[in-house]
Amino acid sequence: MTQISLTFPDGNARQFDAGITAAEVAASISTSLGKKAVSANLDGAHWDLAWPIENDAAIAINTMADTAPGLELIRHDLAHIMARAVQELWPDVKVTIGPVRDYGWFYDFDRAEPFTPEDLGAIETKMKQIIAAKDPVRTEIWDRERAIAHYKAKDEPFKIELIDRIPGDEPLRMYWHGDWQDLCRGPHLQNTGQVPADGFKLMNVAGAYWLGDSTRPMLQRIYGVAFKSRDDLKAHLTMLEEAALRDHRKLGREMNLFHMQEEAPGQVFWHPNGWTIYTTLQDYMRRKQRAAGYVEVNTPQVVDRKLWVQSGHWDNYQEHMFIVEVDEEHAREKSINALKPMNCPCHVQIFNQGLKSYRDLPLRMAEFGSCSRYEPSGALHGIMRVRGFTQDDAHIFCREDQIESECAGFIEFLSSVYKDLGFEEFEIMFATRPEKRVGTEESWDKMEAALESAIRKTGHEFTLEPGEGAFYAPKLDFKLTDAIGRVWQCGTFQVDPNLPERLGATYIGEDSQRHRPYMLHRACLGSFERFIGILIENWAGKLPFWLAPRQVVVASIVSDVDGYTNEVVAALKAAGIRAEADTRNEKINYKVREHSLGKVPVILALGAREVEERSVSMRRLGDKHSRTLSLEQVIADLSAEAKAPDQR
RNA sequence: GCCCCAAUAGCUCAGUCGGUAGAGCAACUGUUUCGUAAAUAGUAGGUCGGCGGUUCGAAUCCGUCUUGGGGCACCA
């Protein structure tokens, strides 16, 4: 018998007979570990307790107390238990794939009739029966022909296609519990009873293309969430409820920020409150960009097809463009135009006006560019994914040797903006050369090295995305993390030697010859619409004072003090604060409640006492109590707070 | 674009078997002047998303379009 050496996490190694299972290893350490073990990590791979170990390896035994492997096993086994439940209820349903995902799993089924909410209830009940049965799990390794014959007999065409897609040298693991069987690479728990029967919930049904391919059949996907305990599940469901409470579509209505209507799908009607956020944010960005050496421009909305043909958008992006045909007077043919989906071609037109010298570079050209894109109807979502939006766009025209410093400068700029707006954390995704690309290897080497060096010099880490760059150059994407841990891709930095070439941009170098500039596309917020949606959800509507559309409500307690109320409002407005009076004939409780629900950050309540003292009673949003302060003090405090972060 | 679900008063929602459209909040008008998260009475408010069909009769059943939602695909 061959001996193998297994190294444990404490560094000790022990000899075992080859072919020993992880379960036997666990039991050899202690009886209790043998009982508690659920899986192993073998050289970093997640390993089923029942699988034999044939070679030397580093091993660690997992129990349910190990969160990541424990949840992985629970969710994975639930996917199979659900598939079994579905086939026991409806034997003609075809099974496909069912992976683990965040918080749970899904499984895709092929079935003629849609699953209803009642069906989900029936499936859950059946799943609980399967769990209660504690059916032992076993896996067998089959050869390809046997597996295919098996699935042909069972009429499971999707499984046969999966087998065809598995590389020839990989073992086919057939996984069983009870009489039910699935193709699966594992690992699994030892019996179905190890899954917590009250720790999961089926959430919803959605369509999903087979293999994610829109030309393949649409399957029905059932999503479930699962945790180790009922309490963890409840906590998750509560978290979902809280996330729903900060939905920007709900808050946008409640705070009277904007609305959308069916005559203009995917476009925002900004109300005064919402537009105040928008312009405050835009003013802030304008100051930041000026300070960072950008010039601001503005370019046309409706642009002739000729330019889009030249830029390449007509061939590559036409399905996303709003095309406008115009019967021009005196013209023989209609003129065909498109609403601009991007600003870059127009910016090159400005660059191309007059000769540019190398002394003009880098030229940082910014536009709050209003763009229109015909997004697919199913992609639209509140103000986050729209058809009409404004980018905080800029293009930096520069020489190759300036890419690195411009990139570093942009990363500093972006991190300062994100910090000012309340996002401390962001991640950089570095997308490198794809397989299909243009340009020399030397040029790719230089561009990638410039970006990598810029990231390192600014002291950041990055996540590499090999092959994800554009066909002409690498790019960076910036993902920020919001208050409840969600990740949003907002910023981008993309090198582009292609468009200056297509649109004939040149500058005169020191050698008095014409040279081709590089163009660096960059955005920080992405679009104002989407970013404001993110801000609303991040702050749950309770925006920081400087961004809050309604900053102060001054509320009379009795109508006798209305004169003083109006005086206080006037003084606040004179100090640059967005203040309004509430002199309605309502109780102060009513006013406090209404303005608190409206997310107004400061309420100043005024009664006879305040008039006499020339003071105000200030209540901050979310506070239980108020404080009495002098009017001068409050104006000084609030006007300081009303300043944007860059002006403090 | 694709699958499923939905659309009733400004908002949130009820409306049974196909038989004259309802509530709470908001709004408006009185009364009330009140000290930090809902005073009180009354009034008004609707082409039940649009169009077509079935029916003696449609918010309700069927078709279709539009929009929204959950996903998928998309996001050079």
Side-chain angles (χ1 to χ4, degrees), chain A residues 101 106 108-111 113-117 119 203-223 244 247 249-250 253-254 256 259-266 311-321 341-342 344 373-382 384-387 434 436 469-472 475 477 489 492 494 496 498-499 521 526-527 530 553 555-562 583-598 600 603-610 617-628:
Chain A
R101 63 193 287 274
F106 64 78
D108 290 348
F109 299 97
D110 184 36
R111 180 191 187 216
E113 305 76 38
F115 288 111
T116 64
D119 291 342
M203 300 299 283
N204 55 328
V205 186
Y209 296 110
W210 169 233
L211 300 174
D213 181 342
S214 59
T215 66
R216 306 299 303 273
M218 176 69 69
L219 306 170
Q220 294 187 65
R221 175 171 295 180
I222 302 179
Y223 286 94
D247 189 311
R249 294 165 298 191
K250 177 181 155 71
R253 192 168 50 238
E254 289 174 358
N256 195 12
H259 84 273
M260 307 182 77
Q261 64 185 53
E262 65 179 72
E263 287 81 357
S311 70
H313 289 90
W314 195 258
D315 286 338
N316 296 318
Y317 204 68
Q318 194 181 151
E319 60 181 306
H320 295 285
M321 287 159 65
M342 294 174 197
C344 23
R373 294 184 189 171
Y374 187 80
E375 298 285 357
S377 57
L380 301 178
H381 177 83
M384 300 274 212
R385 187 85 184 263
V386 287
R387 289 179 174 159
K436 286 174 93 175
F471 69 90
Y472 46 78
K475 67 169 179 178
D477 283 328
Q489 197 242 296
T492 187
Q494 183 163 348
D496 185 0
N498 182 56
L499 199 61
H521 308 253
S527 88
R530 180 161 177 273
V553 168
S556 300
I557 296 169
V558 291
S559 53
D560 291 348
V561 305
D562 286 355
T583 53
R584 293 175 303 170
N585 177 10
E586 295 290 353
K587 294 179 73 165
I588 191 64
N589 299 39
Y590 181 91
K591 295 181 182 182
V592 166
R593 176 180 152 83
E594 184 176 281
H595 300 308
S596 298
L597 290 172
V600 176
I603 298 169
L604 301 181
L606 305 182
R609 222 160 46 222
E610 285 75 16
S617 169
M618 179 163 83
R619 181 188 170 113
R620 296 264 184 181
L621 182 56
D623 282 359
K624 286 260 190 306
H625 302 289
S626 58
R627 290 192 305 150
T628 302

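Everything quoted here is computed from the prediction, not taken from an experiment. Side chains are part of it too, since the values below use all heavy atoms of this structure and drop only hydrogens, waters and symmetry mates.
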message: Check this for me: does any side-chain nitrogen of one of Arg584(A) and Glu594(A) sit under 4.0 Å from a carboxylate oxygen of the other?
response: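 Yes, Arg584(A) and Glu594(A) are salt-bridged.
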query: Going by an N to O cut-off under 4.0 Å, is there a salt bridge joining Asp247(A) and Arg253(A)?
result: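 Between Arg253(A) and Asp247(A) there is no salt bridge, as every charged N stays at least 4.0 Å from the carboxylate O atoms.
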Does [X] reach a base, just sugar-phosphate, or nothing at all? Heavy atoms under 4.0 Å.
X: Gly212(A); value: sugar-phosphate
X: Phe106(A); value: nothing
X: Ala208(A); value: sugar-phosphate
X: Gly598(A); value: nothing
X: Ala470(A); value: nothing
X: Met618(A); value: nothing
X: Pro376(A); value: base
X: Arg253(A); value: sugar-phosphate
X: Ile588(A); value: sugar-phosphate
X: Tyr209(A); value: base

Suppose you measure atom [atom1] in [N] against the same atom in [M]; what distance do you get, rounded to whole Å?
N: A9(B); M: G22(B); atom1: C1'; value: 10 Å
N: A7(B); M: U47(B); atom1: C1'; value: 15 Å
N: G46(B); M: U40(B); atom1: P; value: 27 Å
N: A6(B); M: C62(B); atom1: P; value: 11 Å
N: U33(B); M: A39(B); atom1: P; value: 15 Å
N: G63(B); M: G18(B); atom1: P; value: 16 Å
N: U60(B); M: G19(B); atom1: C1'; value: 11 Å
N: G1(B); M: U64(B); atom1: P; value: 15 Å

Indicate yes or no for a side-chain donor-acceptor contact from [X] to the backbone of [Y] under 3.5 Å, with no hydrogens or angles considered.
X: Arg373(A); Y: Pro341(A); answer: yes
X: Gln220(A); Y: Arg111(A); answer: yes
X: Asn316(A); Y: Gly312(A); answer: yes
X: Lys591(A); Y: Ser556(A); answer: yes

query: Does the side chain of Trp210(A) reach to within under 4.5 Å of the side chain of Met218(A), using non-hydrogen atoms?
result: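 Of all side-chain heavy-atom pairs linking Met218(A) with Trp210(A), none is under 4.5 Å.
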query: With a 4.5 Å limit on heavy-atom distance, are the side chains of Pro114(A) and Val205(A) in contact?
result: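 No, side chains not in contact.
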OP1 or OP2 of [N] less than 4.0 angstrom from a side-chain nitrogen or oxygen of [X], does that happen here?
X: Tyr317(A); N: C74(B); answer: no
X: Ser377(A); N: G1(B); answer: yes
X: Arg627(A); N: G35(B); answer: no
X: Arg221(A); N: G70(B); answer: no

query: RNA chain B in dot-bracket, Watson-Crick or G-U pairs under 3.5 Å, [ ] crossing, | other strand?
result: (((((((..((((.....[..)))).(((((.......))))).....(((((..]....))))))))))))....
Please pick, from [options], the nucleotide with the shortest atom-to-atom distance to any side-chain atom of [X].
X: His381(A); options: A39(B), G70(B), C74(B); value: G70(B)
X: Arg609(A); options: C74(B), U66(B), G35(B); value: G35(B)
X: Asn589(A); options: A38(B), U33(B), U66(B); value: A38(B)
X: Tyr223(A); options: C72(B), G35(B), A38(B); value: C72(B)
X: Tyr590(A); options: A27(B), C34(B), A37(B); value: A27(B)
X: Arg249(A); options: A37(B), A73(B), G69(B); value: G69(B)

Hey, is the side chain of [X] pairing donor to acceptor with the base of [N] inside 3.5 Å?
X: Arg385(A); N: C74(B); value: yes
X: Tyr374(A); N: G1(B); value: no
X: Arg373(A); N: A76(B); value: no
X: Glu375(A); N: G1(B); value: no
X: His320(A); N: A76(B); value: no

message: Can you work out whether Asp247(A) or Met218(A) has the more 5'-proximal nearest nucleotide on RNA chain B?
response: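 It is Met218(A), whose closest nucleotide lies nearer the 5' terminus.
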message: If you assign each of Pro114(A) and Glu610(A) to its closest nucleotide in RNA chain B, which residue comes earlier from the 5' end?
response: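 Result: Pro114(A).
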- request: Using side chain to side chain donor-acceptor pair (under 3.5 Å) as the criterion, list what pairs up with Gln318(A), not counting sequence neighbours.
  value: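 Once residues adjacent in sequence are excluded, Gln318(A) has no partner under the side chain to side chain donor-acceptor pair (under 3.5 Å) criterion.
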For atom [atom1] of [X] and atom [atom2] of [N], their distance in whole Å:
X: Gln220(A); N: C5(B); atom1: CD; atom2: C1'; result: 12 Å
X: Leu380(A); N: A6(B); atom1: CG; atom2: C1'; result: 17 Å
X: Lys591(A); N: A37(B); atom1: NZ; atom2: P; result: 14 Å
X: Leu604(A); N: G35(B); atom1: CG; atom2: P; result: 18 Å
X: Asp560(A); N: G35(B); atom1: CG; atom2: P; result: 13 Å
X: Asp477(A); N: C75(B); atom1: CG; atom2: P; result: 13 Å
X: Arg584(A); N: A39(B); atom1: CZ; atom2: P; result: 11 Å
X: Ile222(A); N: G71(B); atom1: CD1; atom2: C1'; result: 13 Å

- prompt: Can the positive tip of Arg387(A) be found less than 6.0 Å from the middle of the six-membered ring of Tyr374(A), inside 45° of the ring normal?
  reply: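 Judged by the rule (NZ or CZ under 6.0 Å from the ring centre, within 45° of its axis), Arg387(A) counts as positioned above Tyr374(A).
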Within 45° cone of Tyr209(A) ring axis and under 6.0 Å: Arg216(A) NZ or CZ: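 No, Arg216(A) does not sit over the ring of Tyr209(A).
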